[in-house]
Each structure stands twice: as structure tokens, then as C-alpha cells.
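Throughout, residue positions are numbered sequentially from 1 according to the sequence presented.
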Amino acid sequence: MKRMSSRIIASLLAVALFVSHLPQEAAASVARAAGSGRVVRAAVPARGARSAGRPLESPRSVIAQSETPGSAAGSPSAHGSPAPAEDPQAPPTPQVVPVEAPAAASESGLPLDKLYPKVVYIQDVFIQGAQPSEQTIASINKLLDTGVHVVLLTWRPHTGPNSAKEVILSRVKASLDNPLIVVSYNGGRIAAHTRENQPPALIEDSGAFAPNHLATFAQINVRMARALKLPALELANESLPGPDNAFSYRVELPEGLADVELLRERFLKRYNKALQSEGLPFRMAAHPDNPRAIIMHSMPLRFQLDRIREALRTRFYPDQPELPIKPSEVLVLADSKRSPRLSHAFPKLAEFHVVQTPAELEATLGSVFGAELSPVNIHLRKLKQFVEYWQPYRRRVPSPGAGPRAGSGMVEGGGDAMRQLQAFKGTVLNELIPYIYKAIWKGEDRYGQFPEIEALLVRMWKNPMAFRIWMTAQMAQAMKAEAWKKLSPGVMRQAIAFAFNWWNAEFGGRQYPEAAWNVRLNRVSSRGDMNNSITLTLPSRFTRKVYQIHTRLPLVMKAHTAKGVELIVKVLRTGQDYGTDEFFARIFAAAAASTSGFGHIGQDGQWHYMSEIEPKLGGVRVQVVYNRGSKVFNYSPEELFTLEKNPMSAEGWARASAVQRYRVRTGPKTDDVMSVIDIQEADAEFQEYWKENDKPASKSDFKKEKKSKGKKASRKPKAKSSRRGRK
């Protein structure tokens, strides 16, 4: 009896302890069920997962399972037979209060759980008679109703024939509180969209062409007509909107000419050379609508951005000295091909999406309100090539054909063989150094001595296929050339010098046992590990577009600091140093990939290392290693990714997991990478170059071509001497 009573007391204490940890309603239900002898299964909230296409959404409602899960009164059970009706006298089945998800949309049809920009710049892409669709106009009106300031950038006049009002604004709401801002004449005039025929300018007009400029243009027209063998009177020209305030100047070829496109191209080049010879800072461009015309503006559009900000402040925030809108709250929809320098003129934190056609503009505006867009998938090496070589070359050489091809990494002396050798040097070093770290981590201490490292580098250099070193087909073809054999020893000595400087800094300057112990204790990942390949998913802040960057981090270490665990990503820079702005994409992508790959969201709404029970993620340090020395870039996890709370009830919050409580948004340091990817994918010339130069090498590319054997010269048989003729 004593044993029986002790067991009963122990069970009652266990039930009381279990009930004390439950909310009041659920505790009462469990107590009633325990008193009636029913079996109860505790509900465990489902663990949320990250969505590859958007920020983390709120979890679904979680309901506790009864004795017959999946069954309800009067409904078929899991086995197909109808479930028995619930006894009205029996206590109710315990249920967990469902987690409240945010409403999908408001009464106006706008998603409530959505981040909207404060300013949207839209470039006029309605050329050659294209018209905005009804969906595009509806999206613009919806932005204005939401309180977003919309700015239209156009080369057209505000009103009149073929104007912004005729093509676009006639169907856009003329709001008094939040009107659309029209930047007409390529920035010459800035006014609000109203019902007036001639809306007043918000700020003073930009500088127009001076009278002496127009006189010089007239002289150039005469010279161009003679050069093209055209009568001077047939070369029509027009100052827009008039000679007194000419913000734009248009010149048109006569009608009825054969090969008008080719003729206009020749005309355009000659006209720009004439402007340059006159010492004028203006430049003609092809007219967007008229295939026989060329046009130039008094000032490029990228120089008007400060005036546009001032116009926004004057119209919407007259009481404040500066525009209270951060660059990170700006969305730009423009054509980077037609205005390549405009994309770089906006602040880096502004989100830039390339739209080149009316259909692309319609899709991007629709995605602001929830429409899906196709994801963008690229490899990090493609982004590095675009940012580190292609873009800097474009800025240094604005005109095509003025130097080596963009993105080639031109090195003087040796031509294509030297370029391929320099790329091969970087590839070998990026394989060698992580290999050494992994070997030391495994206990192979012989690789802590430089002679062994040098011997390994030479073996990799001479037989890259044996070490599975990734190479392009062009690189493999270049290895067979005589120039490669001639220049290879010198470049290999450069690689050995780089490896020695790295080894001396990491292992030579202190006792090797201490350095090796640090590697074995703090190595997180290196090239070749399963956790080394990380797909970095970056959802756009303002649209439903998702950017996925496939990365392979060369080497990741960790260090325990006062702030928590700090990740150290080592990035090799074996070529020329263009400065931090030129290869920021490589640094930011490495930092963001290490954060998302080795970081974990904790219940406290902060990043932790690997799991919630591990210390907080104190930061990410990207160390760029050069031939001599290195640079260090420090980032906090909040700069790379921000965590925002999902709206839910207090009881739902108590039951939700960490990934259900918070959504992941990109931070200020990763937002700029998405804009660069958008510009990269829209650059048709770069895409063609990348397709030609990124073909992986195959075994057949390394095989030496057999020399064709020529036909042997036929020999005449020698005449046999007859012994009969001998004496």
C-alpha cells in the first residue's frame, strides 16, 4: 500500500508540474482530460523553414492532435471509416491557440506585410510607339495611393505632341497630395503632374544651351551636310522647347535615304567628333523614337539627381532643410544600357532594377505588390569578373575599340598567354592555400614547412588535372602554346613568392605548433569541404525578385571574442589591386555567405554561431590577402542581414520557433550587390564575353595535337648491277 500510494503521489506531482508549464486554458483542458482518463498528445509547433524566394513568412496555425489525429466528428478517419461522434458530456479536446498570421491584404488590395519604398524612379522606356499597359498605369496609381513618391525620368517634353502627358500621364491620377513628379527634357525642367496645360516648375530650370552653342551647332550642320553630300537645307534641326530655353537639340536626316540606319551611325560619329574638335562638352545620341534623328541634351541626366531631390523636398517637405529620405528607401527602375552612367550616379544603397522594355517595367512594378519574378542564379566568379575587370575597364575606356577588350585582365608582354597565365596563377593559389590549411588540420605537419609547400605548388602547376583544378577551355588551349612554355617559369616564381609571403605571415613568424593548434581548433571550412559551397539567397527589399549567388568560400576560420564568435574569411587577391570599391561584391558576398551558412537565428532575435545554444555571432572579418600584406574589412551581422519580427499574438509568439518569429531581410551592405547583379545580367556584351570565356576545360583540351606526317618522298630503286658485265 505504501508503494502504491507513493506511485500515485509521484504521478500527481508529475501532472501538476506539467500543467504548471502550460498556458491557463490549455492547462485546464489537460487537467480535465487527465481526470477523465483520456490520452492527450502535446502539440509541438512546426519548425519554420527559410523560403528560397522571399523573406520568412508567418507560420501556419498549429493545432494539437487528439487520440485520433486527422479525424473530426462526422468526418472519415484516416482509415476511411467514419469517426464516431463526440460525446457532448465529455470534456473538450485540448487545443493550442493558433498563431495569428498577418492579413494578406488591406481593403485597398495592398499587402499589409510588405516593405514599400518611399521614392520610385521610373525611366521612360516607351520608345518607338510603345504604350504603357493598363497594369503599369494601375501599379503607378497604386504607388501614389500608398504614399510612395513616383518620379518619371524622360527625354520628352512635359506637355504637347509626343509628350510625357500624351504618352503616359493622361491615364495617371493627378493627385493634389502626392502628385507624380515629371523630370522632362532629360532633367531640364522638373514639375508636378497636374491637370494644367503648362504646370509650373518646382525649382529653377537647368542650364540650357547658350546662343553661341546653337550658332556652333548650325555651323556643324552645314559641314555635316557637305560631308554626307546632302543639301544644307534638308538637314532639319530643332531646339527644344525653343531657342530661348533650349534644353535639347535635335538634328534629322532627310526622308527617302537608303540604308538610313547605317547613315545615321556615320552621321552620329562625325557629329560627336565635330563637337569634340570645337571643345564642347556635349554629346549626340540616337533619337529614341525617330530612326532618322539624333539628339543631345544640355546636361546629362545623372547630373540632375541633386535637383530632383531638391524638387522632392520643395514639394513634399518644405519645412525641412533636407530631404528626409534615406538612399536605402529608394527604388530605381531604369535602362542601364541606354544610360550606363546613370546607374552609378544613384547612391549605392538605392535598389536598382534594370528595365529595358514596357513588359519588364510592368512585371517589376507588379512584383512590388506581390507578383512573382523569375529568380536570378549566378556564380560568384561571374560577379567577380564583372565587378573587378569589366566595370573598371568601362570607366577607364568609355569608347569601344580604344584598348584591350574589357574583362580580359590585360597584362603587357605576352598577350593572351600572359593573361591566361595570370588567371592560372590565381586559380592554383586559391587551391593551394586552403589545401594546406586542411592538411595541417588533419595532422599532416610536413605541410607546415615551406619546401613541402613549394613542391606541392610545382606539382599543381605542372599537372592541374591531377588535383582537379578548375580551368577554362581557353586556359587549357593556351597551355599548348610556345608562349606559355616561355613565360610559365617566371609566373610560377611569382606564385611561389606569393605563397612564401603568405606562409611567412601565417606560420613562419611564430612557432609552428602554436599556429597548427590554432588551425586545428578554429578551422571552420575550406575549399573541398561539404559545407564549403554555400548558396547565398538575397531577396529584394521592394520586389519579389530573388538573387541566388553560388559561392565557394576558400577558407573560413573563427575566433572567440568579447562580442561572441567572429568568423574570419580569407580571400586571395593575386592580381592588381583596384581599390576597395572595385571588388566590394567579392568581399560582401563572402561575408554574407559565411553569415548565412554558419549563422543561426536565436530566440533572442540575434545571430548565433551554428545553433541557438552556441555563442552569439559577433561579426565577420574578411581578410583580403595580397602578395605583400593584407586588408581587413569588418562587418556586423546586422549590416549583412536584418531580422524583423513577424506580427503574431503573444501566445503565438511564445509557441513559435526562432525562424517563425523573425524574417530575414538584406542589410545595407548586401543591398548593393543585388543592384550590381541586375546591371550585370542586362549587359548583353558582357554576357556574350562570359559565354565565350567561361567554358570549362575537358580532357581533350589538354591533349597535344599530333603533328601531321607528310608523305615520304618516293625513292627510285637502284639499278641492280649484273655480274655478267663484270670482268
For [X] and [Y], indicate whether the former's side chain and the latter's backbone hold a donor-acceptor pair under 3.5 Å.
{"X": "Ser675", "Y": "Phe352", "answer": "yes"}
{"X": "Thr670", "Y": "Leu640", "answer": "yes"}
{"X": "Thr551", "Y": "Ile534", "answer": "yes"}
{"X": "Glu166", "Y": "Asn162", "answer": "yes"}
{"X": "Arg307", "Y": "Gly187", "answer": "yes"}
{"X": "Asn272", "Y": "Met284", "answer": "yes"}
{"X": "Arg264", "Y": "Ala293", "answer": "yes"}
{"X": "Thr159", "Y": "Asn197", "answer": "yes"}
{"X": "Arg381", "Y": "Asp694", "answer": "no"}
{"X": "Arg292", "Y": "Glu252", "answer": "no"}

Nearest 0.5 Å please: distance from the [atom1] atom of [X] over to the [atom2] atom of [Y].
{"X": "Glu692", "Y": "Glu688", "atom1": "CD", "atom2": "CD", "answer": "5.0 Å"}
{"X": "His297", "Y": "Phe247", "atom1": "NE2", "atom2": "CZ", "answer": "12.5 Å"}
{"X": "Phe588", "Y": "Glu639", "atom1": "CZ", "atom2": "CD", "answer": "8.5 Å"}
{"X": "Ile308", "Y": "Ile190", "atom1": "CD1", "atom2": "CD1", "answer": "5.0 Å"}
{"X": "His287", "Y": "Ile295", "atom1": "NE2", "atom2": "CD1", "answer": "4.5 Å"}
{"X": "Asn186", "Y": "Phe303", "atom1": "CG", "atom2": "CZ", "answer": "11.5 Å"}

- Heavy-atom pair with the smallest gap, counting every atom of Ala311 and Ile203: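 Smallest heavy-atom distance, with atoms named: CA-CG2, 4.0 Å.
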
Answer yes or no: is there an ion pair linking [X] with [Y], defined by an N-O contact shorter than 4.0 Å?
{"X": "Arg309", "Y": "Glu322", "answer": "no"}
{"X": "Arg313", "Y": "Glu310", "answer": "yes"}
{"X": "Arg156", "Y": "Asp124", "answer": "yes"}
{"X": "Glu681", "Y": "Lys382", "answer": "yes"}

Beyond-backbone contact of [X] with [Y], side-chain heavy atoms, under 4.5 angstrom:
{"X": "Leu342", "Y": "Val332", "answer": "no"}
{"X": "Thr364", "Y": "Leu361", "answer": "no"}
{"X": "Leu180", "Y": "Ile168", "answer": "no"}
{"X": "Thr642", "Y": "Thr666", "answer": "no"}
{"X": "Tyr121", "Y": "Val183", "answer": "no"}
{"X": "Thr154", "Y": "Phe126", "answer": "no"}

- Does the pair Ser596 and Thr537 meet the rule for a side chain to side chain contact (heavy atoms under 4.5 Å, CB included), with working shown? CA-CA 9 Å; Ser596 65; Thr537 301; over 6 Å; no

- State yes or no: are the ring centers of His213 and Phe282 separated by less than 6.0 Å?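 Judged by ring-centre distance (under 6.0 Å), His213 and Phe282 do meet the cut-off.
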
- Task: Assess whether atom CD of Gln320 is packed by more than 12 heavy atoms of other residues, nucleotides or ligands within 6.0 Å.
- Result: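 Yes, because the 6.0 Å sphere around CD of Gln320 holds more than 12 heavy atoms from other groups.
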
- Message: Can you tell me if Asn212 has over 12 outside heavy atoms packed within less than 6.0 Å of its CG?
- Response: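 More than 12 heavy atoms, drawn from other residues, nucleotides or ligands, come within 6.0 Å of this atom.
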
- Task: Output, in order, the C-alpha distance, side-chain angles, deciding distance and verdict of side chain to side chain contact (heavy atoms under 4.5 Å, CB included) for Tyr271 and Asn221.
- Result: CA-CA 8 Å; Tyr271 211 106; Asn221 291 341; 2.7 Å; yes

- Message: I'd like to know whether Glu278 forms a side-chain hydrogen bond (donor to acceptor under 3.5 Å, both in side chains) with Thr216, so could you lay out the CA-CA distance, the side-chain angles of the two residues, the decisive distance to 0.1 Å, and finally the verdict.
- Response: CA-CA 8 Å; Glu278 294 288 343; Thr216 304; 5.3 Å; no

Aromatic plane relationship, [Y] with [X] - under 30° parallel, 30 to 60° tilted, over 60° perpendicular:
{"X": "Trp690", "Y": "Phe686", "result": "parallel"}
{"X": "Phe641", "Y": "Trp607", "result": "tilted"}
{"X": "His158", "Y": "His193", "result": "tilted"}

- Query: Is it the case that Gln548 and His550 place a side-chain donor and acceptor less than 3.5 Å from each other?
  - Reply: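 Absent: no donor and acceptor within the cut-off.
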
- Under the ring pair (Phe, Tyr, Trp, His ring centres under 6.0 Å) rule, collect the residues that match up with Phe217, sequence neighbours excluded.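 For Phe217 the ring pair (Phe, Tyr, Trp, His ring centres under 6.0 Å) partners, ignoring immediate neighbours, are Phe209, Tyr249.
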
